[in-house]
K.L.:
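Before I ask anything, let me first share the structure, which is written out below as structure tokens.
Start at 1 with the first residue, then count along the sequence. Scope of the values below: all heavy atoms of this structure, side chains included, with no hydrogens, waters or symmetry mates. Just so it is clear, the structure is predicted and the values come from calculations on it, not from any experiment.
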Amino acid sequence: MAATGGGGACFVLGASGETGRVLLRELLSRRLFSRVTLIGRRRLSLDEETEAAVEQAVVDFERLGEHAAAFQGHDVGFCCLGTTRAKAGAAGFVRVDRDYVAQAAELARAGGCKHFVLQSSQGANQHSRFLYLRVKGEVENLVQAVGFDRCTILRPAVLLCRRQELRPTEWIAQKFLGIVAWVFPTAYSVPVETVARAMVAILLQPGEGKVEVLENGAIHKLGKAVPQQGT
């Protein structure tokens, strides 16, 4: 595989998010690809070293079909794109987490992408009565239907991370889940660093069929199997 030899190309959707930022750091530090493209609605402010190591493609997600060139020529696509109902409203959440992702997957496949890696959510189910889990289930099905040679879907539980802007309720939840994680380390939560390293580990092992779904326990196992940089 191209990824193991430091060749080939990949793109990252959602590199400004919590998981996406860590994933980008992992990809660059391990030099898995000769070309890394960040696709987003705006240019990211990056340090000088990172800026020199990546390409950035700015797109209008409302007119994504006009930006097909941004998705051309990548072997692997990583999608960590997402928002929340609180930020975007119900309709906005559906548009970002389902419609944008599904259209991006179609453009990626048309542009030659062979392997699509999607960050979804624990409990994703198209029949769920909860909007969040229903949308995640729907987008999983849409991405699978695109027909990639290999499609990997990760379903992490609650993400543990150090958000730049943490609301009081989020701070309390993070502290509580941090304690729970000591007792049930793979049941209810997962650090974003573990998710990102699992995405890397996926590239370094053969796929199990065209579609593989990794639940939270498998994400923990894969993430721990990849040594942290500098260790």
K.L.:
Can you tell me how far CZ of Arg134 sits from CG of Asn125, rounded to the nearest 0.5 angstrom?
P.N.:
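Reported to 0.5 Å precision, the distance equals 10.0 Å.
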
K.L.:
Kindly indicate whether the side chain of Leu23, heavy atoms from C-beta on, has any atom under 4.5 Å from the side chain of Gln119.
P.N.:
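Result no, sub-4.5 Å side-chain heavy-atom pair not found.
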
K.L.:
Under a single-linkage definition using a 4.5 Å side-chain heavy-atom cutoff for Ile, Leu, Val, Met, Phe, Trp and Tyr, are Val200 and Val22 assigned to the same hydrophobic cluster?
P.N.:
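Yes; tracing contacts between hydrophobic side chains, which count when under 4.5 Å, links both residues.
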
K.L.:
Leu159, Leu133: one ILVMFWY side-chain cluster at the under-4.5 Å cut-off?
P.N.:
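Cluster IDs for Leu159 and Leu133 differ.
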
K.L.:
Do you reckon Leu24 sits in the same ILVMFWY cluster as Leu13, going by side-chain contacts under 4.5 Å, direct or chained?
P.N.:
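Result: no, two separate clusters.
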
K.L.:
So, does Gln56 use its side chain to make a donor-acceptor pair with the main chain of Leu44 at under 3.5 Å?
P.N.:
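Looks like yes, one N/O pair under 3.5 Å.
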
K.L.:
Please say which of Gln126, Arg155, Arg98 ends up in a side-chain hydrogen bond (donor to acceptor under 3.5 Å, both in side chains) with Glu140.
P.N.:
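It is Arg155; the other options fail the test.
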
K.L.:
Counting C-beta onward and ignoring hydrogens, is there a side-chain heavy-atom pair between Val76 and Leu32 closer than 4.5 Å?
P.N.:
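Counting from C-beta outward, Val76 and Leu32 never come under 4.5 Å.
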
K.L.:
In chain order, what residues pass the side-chain contact (heavy atoms from CB on, under 4.5 Å) check against Arg35, with sequence neighbours excluded?
P.N.:
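With neighbours one apart ignored, the set is Ala9, Thr37, Glu55, His74.
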
K.L.:
As a test of understanding, state which of Arg150, Glu212, Met199 forms a side chain to side chain contact (heavy atoms under 4.5 Å, CB included) with Val117.
P.N.:
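Between Val117 and the candidates, side chain to side chain contact (heavy atoms under 4.5 Å, CB included) is satisfied uniquely by Met199.
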
K.L.:
Checking His220 against Thr194 for the side chain to side chain donor-acceptor pair (under 3.5 Å) test, could you report, in this order, the C-alpha distance in whole Å, the side-chain angles of both residues, the deciding distance, and whether it holds?
P.N.:
CA-CA 6 Å; His220 272 275; Thr194 302; 5.1 Å; no

K.L.:
Does any N or O in the side chain of Asp149 come within less than 3.5 Å of the main-chain N or O of His115, such that one atom is a donor and the other an acceptor?
P.N.:
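Looks like no, no N/O pair under 3.5 Å.
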
K.L.:
Using 30° and 60° as the class boundaries, would you call the ring planes of Phe116 and Phe148 parallel, tilted or perpendicular?
P.N.:
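It falls in the parallel class, under 30°.
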
K.L.:
Out of Ile219, Thr19, Leu160, Val158, which residue meets the side chain to side chain contact (heavy atoms under 4.5 Å, CB included) rule with Val190?
P.N.:
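When side chain to side chain contact (heavy atoms under 4.5 Å, CB included) is applied between Val190 and each of Ile219, Thr19, Leu160, Val158, only Ile219 qualifies.
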
